[in-house]
Structure formats: structure tokens, C-alpha cells
A.B. asks: 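Just passing along the structure, written as C-alpha cells.
Just so we're on the same page: letters track the sequence lines, and every chain starts at 1. Note: hydrogens, waters and symmetry copies are ignored here, and every other heavy atom, side chains too, is used.
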Number of protein chains: 2
Amino acid sequence: MRATIREVAREAGVSPSTVSRALSMPEMVNPATRERVLRVAQRLGYAPNRAARGLITGRTGNLGLIVPDLANPFFPSVVKGVQAKAREADYAVFLADTDEDPAAEIGLIRVLAKQVDGLILCSPRGHEDEIRELSESMTLVMVNRRFGSIPSVVFDNVDGMRQAVAHLQALGHQRAAWVGGPRTSWSTRDRLRGLRAATAAVGMELVVAGHFPPQFEGGVAAADLIIASGVTAVIAYNDLMALGLLGRLRDRGVSVPQDMSVIGIDDIQMSSMSSPALTTVSLGKEQAGRAAVDLLISLLQQPEGVRSARRELPTQLLVRASTGVARTN
Amino acid sequence: MRATIREVAREAGVSPSTVSRALSMPEMVNPATRERVLRVAQRLGYAPNRAARGLITGRTGNLGLIVPDLANPFFPSVVKGVQAKAREADYAVFLADTDEDPAAEIGLIRVLAKQVDGLILCSPRGHEDEIRELSESMTLVMVNRRFGSIPSVVFDNVDGMRQAVAHLQALGHQRAAWVGGPRTSWSTRDRLRGLRAATAAVGMELVVAGHFPPQFEGGVAAADLIIASGVTAVIAYNDLMALGLLGRLRDRGVSVPQDMSVIGIDDIQMSSMSSPALTTVSLGKEQAGRAAVDLLISLLQQPEGVRSARRELPTQLLVRASTGVARTN
DNA sequence: CACGTAGATGCAAACGGTTTCAGACTGCGG
DNA sequence: CCGCAGTCTGAAACCGTTTGCATCTACGTG
């Protein structure tokens, strides 16, 4: 079927070793023969079998990427970034979706681990101990989570929350609510931490509404609590939930932004299309994917040096139509 | 690092061949030894190296999946379906995103082809000849496209369009417009074909607005043409475009559904969240992904039999708030 | 002219499995 | 006691590469 290195060798009148060298260590072979080999390889459409190569080199040329839920538009964006960067570096990407299930996550990591050089865990929900243990037997990078010395790419949630709070304060809000995401999500904790710091700094009161599924429905479910709490502004764990809030608030006759200001996080595409358009803390999602691949590849190339590295990406508040001057009673 | 078959063999006091058999042809080995081997394998955490196995068996246990654009929510859904089904069948999935670029598509197919047993091409934009040629050297399944005898999974666009037109007719519409997707998309042609048949059958006039990018912006761009055309209803190639239409219509002061009815296709999540909520032709996206994997695996298992197979999935009109009784002048 | 050296190439082993083939062992009938 | 069939098992070849080492050639040098 496909040409093998032996056929190329025979056709070019050299040994397989020479073909191999002509392709991967060009300076070790006579320019004339190299030229001849390359031409034959070209003609036969030869490309080395990566599995066979991986067998001996111990490197597969594959990356693994694990995400909690592709149905949340945040993740496809990250995947796109990973994909693009990996392709540039000539890596292929294995993708797995855990459906927000920590157990499935660990299982998938285990099975994928054997087929890749490195793994990117996007917003992993698994237990710290398990991830830490895995990180000792393979190189992995986390996105949207940080603990221990495991390499990671995260967003500057603290600054993002600071911007959001500053915006609300400028609009005269004095009490704001936080609608949290999954209990197992690191970023929900990190964001809440940032929010606490930011509200405390400006003397704003913060009402914490607890944990909800990180989906549209989660926002819908949280809305009535928010209305009852008497705040004039609400910040949601992500845009999907913020949009859910928006929907339910409208149904309840609470007009946004006159009666209530709503801020999301992520800047997914549809948040610019809602009505009112959603004010949100924008994250460089594709950029995070690319950064994770960068980090992973640099770790793979390091002989056995620093096993730790961290990147923190900036966040930016995008003011749209869902925030306004606080209602004064 | 990881246990090899030889270590298991030594530990269990048998030869590597026996270990191999104990694992993959259980009935060929004495129950007692098999038991012993399995226990040792379990204890050592042994799992066969798939690359090594693939080298000799010629099967990698991997599937490839190529999509035009993960940023369009249609595709993540399909990916999810593929992913889930593949995992059940113990296949790992390579994912690639072509960014709607036919050239990149062909390139990615070529590079992925060598590392997988089969390939799923979702809404491929490439040229028929190239795909046909590729299909001869490997097993592939297309989703959302059909030509020649290449195995495929498609939606029953004709019936979907029929339902949409029937709905519009019942509301009294006499002139409707079609906003097409990419020229290279098979389904845009297929849908238009269905639409032509359906409108002709009921004596409705159809205005074809041409081709637009299959994104929100494409719908925005098409909106003014639609308004100018004087129709009372419009059907868009996909929901993203329909949402773009909705947005621009509102900006232009055209109220939906009083002045204009809008129908999308795909039933992506956000179409139920827009205002007004979008009437759309719902497609079983995850189901399509699963069906494609099913098909692919059955093709792989066939000794060399029928190389062709087709599945057509039903479509269903979902009436929401963006369609209403035709405006009477 | 003998010799050391450097550059280019080939040989063969290795990677971690699977599979063919043949041999060892068992139990059984003659 | 021998032969035979049947069941298990092990040795070895193989998949397609890479790579350490040996070989060979040609060349410059003393």
C-alpha cells in the first residue's frame, strides 16, 4: 500500500539507513545521494510511518487534549487554538470530552497517556491527588487550573474581577451577587477569590449565590435567587450562565440593565448577539490553547530540566449593553 | 517506565507469545495459565503498546475526524457524538479543524490518513475528485455530503425543507427567500434543491439570495438584501446565519415575526435563547457523529465487501417564536 | 609509500508487540 | 507399549523505523 523506507532505499540504490538519514539528518549524508534519495521519496510519496518511528524514538508526535464539555463554546475555542499551534509544530491532536465527569476524566487521561508525548488538561475537574500522581509519570499542562508545581496556563481572574467590580462601582452599584460554577472547578474558586478581594477593596457588598451547572440552565436556575437577594448587579461564572440569567430575568419582568446589571466571563460569540448584548470579561481562549501547546512542547524538549512553568494571560472587561447605572430606590 | 509484554511473561513464567494470546485470544490458552497471566498483567498495570501492535496488525485503533470550523456550534456537537461512540468502541479520535479552507482540508486528510484506520470527513469542502481519489486508498465516511458511492451520513434536507415550507404556507406566506451558505458546501446545494421542490409543490415564490459565509456575519450581510427583496419569510442555511439576520433585522426596525418570519437550520443551543427564539429545522447532530462512527467501524470490519453505505437521518421542524402569520399589506 | 583521519555508507540490533509454525505433552484406543 | 490426535506452549520471524558501530574510500601528511 504505502511506500516503505526499504522501497525507497532499493529504488535509490542505497540502504534504508541512508534514506533515514537523508530525511532526518541531512548534513550527515553526501549532498548528491541526499538529492537522489529525496527525489525518489518524493516520487513514491513516501512518508515515514510515525508509529514505527515512535516505537524506537519513544516519541509519538501526538498530543492529547481533554476538555469537560465541548457543548460549552469556551472549549471549542481553546481546542481551535491547540489544534492550530500543534499543527504548526507537526503534532497531531487526540481529543477527548469528559462530559464534566471527573471519573471519566481520569480514565481518559490514563488511556490517552500511552499514546501521546504530552497531555493538555483543559479545566480539569479531577482530584488534585490523582492529577499530581499522573503528572509524575508524564508531562502534562493544565489550562484554567493551577496547583502545586504543575505547568499551567491560566487567566488573570483576579484582575478580571477587579475590572468588573471597578466598572460596577463606577455605575453606582453597592451590592453585587456572584453566581458560581461547578464546585470542582478551580476557576470558580479563583474568580470568587478575586471578587472578594476586589469588592472588599472598594467597600462593595458581595452576595454569593453558590454553585450551579456551568450551562445556560444554571443561570436560569440562579436568577430567582438573585432577584430575591435584592442586589442591583450580578456576575456569573461564565457567559452561558449569564445568558441564562438574562433569559430568566426577562421572563420575570426584571429589565436589564435598568433594574439589574449582568456581567459574564469568557466572551463567547453569542454573548455579543444576545439582547441586551452581554458585558463580559473577555478571555483569550485560542491564545490559551496556543500557549498550552507552546509550554508543552518546550517541556518536552527540555532534557529533564525545570518541570514547572506557568503562564498567566491577561483578561479584559468588555462593556456592552447589559450593565448600566444602578437603580436607586 | 511502562511494563512490556516481556516483563509480564517473565513474571508469570511464560513466553511473550502466551501473554499475547492470553489477552487477545483467551480461548486458545489454558484457563489456569491465562488466569495467572492476567493477574500479573493486572498487577504490573500492563497495557499493550498500541503503536507496536499497529505495526504488525496494520490497525492503529485510531479514527480521524476533520471539521471545517469548531467555532460553529454545529460541529462541536458532531464531535461529541463521534467522540462518545468511538470511546465505546475503544477507538481514540484525532481531531483537525480546517478553518473552512479546502486546501488545508486536503493536506490534513493526507497527514492524518497514515495514522488512522479510518477517517470521518464532516461537511468536507474539498473538491470531489480529490476526495474520490483519497477514498480509494483508505476507508472514509462523509458527514453532510454525498456523492458517488462514498459512504456517508446525511440529513434528510429535502424533508426538512418541506416541513419548513409547509409551516410558512400555513401561516399565509407567499414569497420566501433563501440565504445560502458556502459555495463549496454540499448541503447548501441539497437544501436549496429541497426548497425549490417544496416551494414549487405549493406554489410559493422563492427568492435565492446567493452565498454567504456560514457565520453570524453572513446573516448580517444578507439581511438588507432580504428586506429589499420584499419577501415575508426567510430561510437561512444555518442557525448562526439566521441569528445574524435576526440581529440586523432588529437594527433595521423590522420586527420578527410580525414583519418577517425567520427560519434557521441546525438547532444549535443559542437559537433557543435568542429573542425571539428561533424557529429552526432540528438536526440530530450528535446522532450523526455516532452514526458516522458506526458506519466507519462496520466498514473496517468488512473483509473487503461493500465499500458503500449510506445513512439518512430525519430532520424535524421546531416551531418557536421567529415565525408568524404573514404580514398582509 | 605507509599511515592516520574524516566523511559517507551499510549492517544489524533494537523498539514492543503478533502470528506462524513446530514441538512437547497429554490422554486415549488398539 | 505404541501411535495418534488434540491441546498448549515457545521459538522465531516480522512490522517500519532509528542508531551505534564497523567498514570502506579517498585524501593529506610525514
A.B. asks: Looking at every strand, decide which applies to B/Arg6 at a 4.0 Å heavy-atom threshold: base, sugar-phosphate, or nothing.
C.D. replies: base

A.B. asks: With sequence neighbours left out, which residue pairs that include part of residues 101-117 of chain B fulfil the side chain to side chain donor-acceptor pair (under 3.5 Å) condition?
C.D. replies: B/Thr60-B/Asp117

A.B. asks: Which salt bridge (charged side-chain N to carboxylate O under 4.0 Å, His left out) pairs, counting each pair once, include a residue from residues 23-36 of chain B, with sequence neighbours left out?
C.D. replies: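 Counting only pairs at least two positions apart or across chains, the salt bridge (charged side-chain N to carboxylate O under 4.0 Å, His left out) contacts touching residues 23-36 of chain B are B/Glu35-B/Arg39.
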
A.B. asks: Give every residue pair that meets the side chain to side chain donor-acceptor pair (under 3.5 Å) criterion with at least one member in residues 63-74 of chain A, sequence neighbours excluded.
C.D. replies: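 Found A/Asp69-B/Lys80.
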
A.B. asks: Is there side-chain contact between B/Val93 and A/Leu95, with heavy atoms separated by less than 4.5 Å?
C.D. replies: no

A.B. asks: State which residues pass side-chain contact (heavy atoms from CB on, under 4.5 Å) with B/Ser123; sequence neighbours excluded, sorted by chain then number.
C.D. replies: B/Pro68, B/Phe74, B/Phe75, B/Arg125, B/Asn144

A.B. asks: If I take atom CG in residue A/Leu23 and atom P in nucleotide D/dT18, what distance separates them, rounded to the nearest angstrom?
C.D. replies: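 Atom CG in A/Leu23 sits about 8 Å away from atom P in D/dT18.
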
A.B. asks: Between D/dT9 atom P and B/Arg10 atom CZ, what is the distance in whole Å?
C.D. replies: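 Going from CZ in B/Arg10 over to P in D/dT9 covers 20 Å.
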
A.B. asks: Identify, with sequence neighbours excluded, every residue that meets side-chain contact (heavy atoms from CB on, under 4.5 Å) alongside B/Ser24.
C.D. replies: B/Ser20

A.B. asks: For A/Ala96, check side-chain contact (heavy atoms from CB on, under 4.5 Å) against everything at least two apart and list the hits.
C.D. replies: A/Ile66, A/Leu108, A/Leu112, B/Gln83

A.B. asks: Tell me every residue that passes side-chain contact (heavy atoms from CB on, under 4.5 Å) with B/Arg43, counting only those two or more places apart in sequence or in another chain.
C.D. replies: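 B/Arg43 satisfies side-chain contact (heavy atoms from CB on, under 4.5 Å) with B/Glu11, B/Val40 once adjacent residues are dropped.
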
A.B. asks: Of all nucleotides in DNA chain C that come within under 4.0 Å of a heavy atom of chain A, which is furthest toward the 5' end and which toward the 3' end?
C.D. replies: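 Boundary nucleotides touching chain A, in 5' to 3' order, are C/dA8 to C/dG16.
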
A.B. asks: Does D/dT9 have its OP1 or OP2 closer than 4.0 Å to a side-chain nitrogen or oxygen of B/Thr33?
C.D. replies: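 Checking D/dT9 against B/Thr33, a side-chain N or O does come within under 4.0 Å of OP1 or OP2.
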
A.B. asks: Hey, which of these two, B/Ala52 or B/Pro31, hits DNA chain D nearer its 5' end, going by closest nucleotide?
C.D. replies: B/Pro31

A.B. asks: Given axes from five pairs at either end, by how many degrees does the helix from C/dC1-D/dG30 to C/dG30-D/dC1 bend, rounded to 10°?
C.D. replies: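 So the angle between the two local helix axes works out to 70°.
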
A.B. asks: Starting at CE of B/Met28 and ending at C1' of D/dC8, how long is that distance when rounded to a whole Å?
C.D. replies: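 My rounded result for the distance is 8 Å.
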
A.B. asks: If I take atom CD in residue A/Glu7 and atom P in nucleotide D/dT17, what distance separates them, rounded to the nearest angstrom?
C.D. replies: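 Those two atoms, CD and P, are 9 Å apart.
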
A.B. asks: Going by the rule ring pair (Phe, Tyr, Trp, His ring centres under 6.0 Å), which residues pair with B/Phe94 if we only count those two or more places apart in sequence or in a different chain?
C.D. replies: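 With sequence neighbours excluded, B/Phe94 shows a ring pair (Phe, Tyr, Trp, His ring centres under 6.0 Å) to A/Phe94, given in chain and number order.
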
A.B. asks: Roughly how far, to the nearest 0.5 Å, is the CG atom of B/Leu63 from the CG atom of B/Leu140?
C.D. replies: 11.5 Å

A.B. asks: Take the protein atom CG of B/Leu55 and the nucleotide atom P of D/dT17, then report the distance between them rounded to whole Å.
C.D. replies: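 That distance rounds to 9 Å.
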
A.B. asks: Suppose the criterion is salt bridge (charged side-chain N to carboxylate O under 4.0 Å, His left out): which pairs have a residue in residues 144-155 of chain A, not counting sequence neighbours?
C.D. replies: none

A.B. asks: Could you list all N or O pairs between the protein and nucleotides 19-22 of chain D that sit under 3.5 Å apart?
C.D. replies:
none

